[in-house]
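The structure appears below as structure tokens.
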Amino acid sequence: MPAVLAGMDGFVSEPWPTTEAEARAVQERLRRLVVTRDDFGPLRRIAAVDAHFSADGSATWAAVAELDADSLELTRSVLLCQPTRFPYIPGLLSFREAPAMVEAIGLLPEPPDLLVIDGQGTAHPRRFGLACHVGVLTGLPAIGVAKSRLVGRYEDLGETRGSRALLWHRREVIGAALRTRDGTNPLFVSPGHRVGLETCIQLVLRFAPRWRLPEPIRLADALSRMHG
DNA sequence: GCGACAG
DNA sequence: ATCTTGTCGC
């Protein structure tokens with residue numbers, strides 16, 4: 001398996017917010033740049049990114065798994081570690097995970113055609129979840145796939161794969177609960193950047209032909225547990 | 001005022 | 001996210 005290993009020397013070109021107030025200000029500024037309609041070309045290479053933390057939380061590991069969009073087979077991987085720079089605060093998760101993710105994506109020789117992010121996109125109280133943040137910072141199309149709900153309400157959905165229910169918050173559709181496998185809990189899918197909601201749903205079903213989680217996320221997840 | 005709260 | 005084994009069920 002091809003891999004690149006970078007040390008704890010990562011940096012982000014512009015200063016990263018340190019306080020909650022700063023992060024909220026940045027979030028308010030960046031949220032306006034999110035595009036929630038389809039705006040991407042042919043999908044050849046897709047990539048998923050996942051973050052993990054050391055036991056004491058001081059180090060952040062980011063794993064990127066690049067796959068062929070048709071065969072869903074791993075084509076390349078990146079694993080890097082850098083100091084953690086922000087605490088976990090619900091609604092501000094991206095300020096904890098995005099910097100390492102963006103840097104790891106930058107280590108790919110070629111930018112992928114689509115990012116699959118383990119977290120919410122617009123299904124967020126201020127419409128700026130992790131997938132939006134990473135999408136806007138990289139400029140790449142991104143979709144958010146979360147294993148649980150952050151905000152919003154949805155009606156019951158069918159038990160079979162493909163069943164879905166729109167996720168509503170303050171009279172707005174912010175994403176969808178989507179069943180990718182019969183009898184399992186639904187995933188929460190929402191646009192990250194440059195992808196519309198219906199396309200997000202179609203793509204997640206395509207990328208998760210067998211298991212509950214999309215293959216890209218499964219691979220990135222497995223990779224991120226391989227440090228040490 | 002009280003509970004909920006991605007990873 | 002992390003601490004963590006076996007076990008029940010499709």
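Quick note on labels: first sequence line is chain A, next is B, and so on, each numbered from 1. In what follows, every heavy atom counts, from backbone to side chain, and hydrogens, waters and symmetry copies are set aside. All values derive from a computational prediction rather than experimental measurement.
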Output yes when at least one side-chain N/O atom of [X] is less than 4.0 Å from OP1 or OP2 of [N], else no.
X: A:Lys147; N: B:dG7; value: yes
X: A:Ser148; N: B:dG7; value: yes
X: A:Arg149; N: B:dC5; value: yes

With heavy atoms under 4.0 Å as the rule, sort A:Gly183 into base, sugar-phosphate or nothing.
nothing
Looking at every strand, decide which applies to A:Leu187 at a 4.0 Å heavy-atom threshold: base, sugar-phosphate, or nothing.
nothing
Hydrogens and angles aside, do A:Ser58 and A:Thr84 bring a side-chain donor and acceptor to less than 3.5 Å of each other?
no
Distance to the ring centre below 6.0 angstrom and angle to the axis at most 45 degrees; does that hold for A:Arg96 and A:Phe53?
yes
Expressed as a whole number of angstroms, how long is the span from [X]:[atom1] to [N]:[atom2]?
X: A:Leu167; N: B:dC5; atom1: CG; atom2: C1'; answer: 14 Å
X: A:Phe95; N: B:dC5; atom1: CZ; atom2: C1'; answer: 17 Å
X: A:Leu150; N: B:dA6; atom1: CG; atom2: P; answer: 6 Å
X: A:Glu97; N: C:dT2; atom1: CD; atom2: P; answer: 10 Å
X: A:Met101; N: C:dA1; atom1: CE; atom2: P; answer: 10 Å
X: A:Asp50; N: C:dA1; atom1: CG; atom2: C1'; answer: 10 Å
X: A:Leu178; N: B:dA6; atom1: CG; atom2: P; answer: 19 Å
X: A:Gln120; N: B:dG7; atom1: CD; atom2: C1'; answer: 10 Å

Charged N to carboxylate O under 4.0 angstrom, A:Arg164 versus A:Glu198?
yes
So does A:Glu28 pair up with A:Arg126, basic N to acidic O under 4.0 Å?
no
Passes side chain to side chain donor-acceptor pair (under 3.5 Å), A:Ser224 versus A:Asp50? Steps please.
CA-CA 7 Å; A:Ser224 72; A:Asp50 190 36; 3.2 Å; yes
Would you please determine if the base of B:dA6 is stacked by A:Phe188, with stacking meaning a centroid separation under 5.5 angstrom and planes under 30 degrees?
no
Nearest to the side chain of A:His52, heavy atoms from C-beta on, is which of B:dG7, B:dC5, C:dT2?
C:dT2
Selection from C:dA1, C:dC3, B:dA6 that lies nearest to any side-chain heavy atom of A:Phe53:
C:dA1
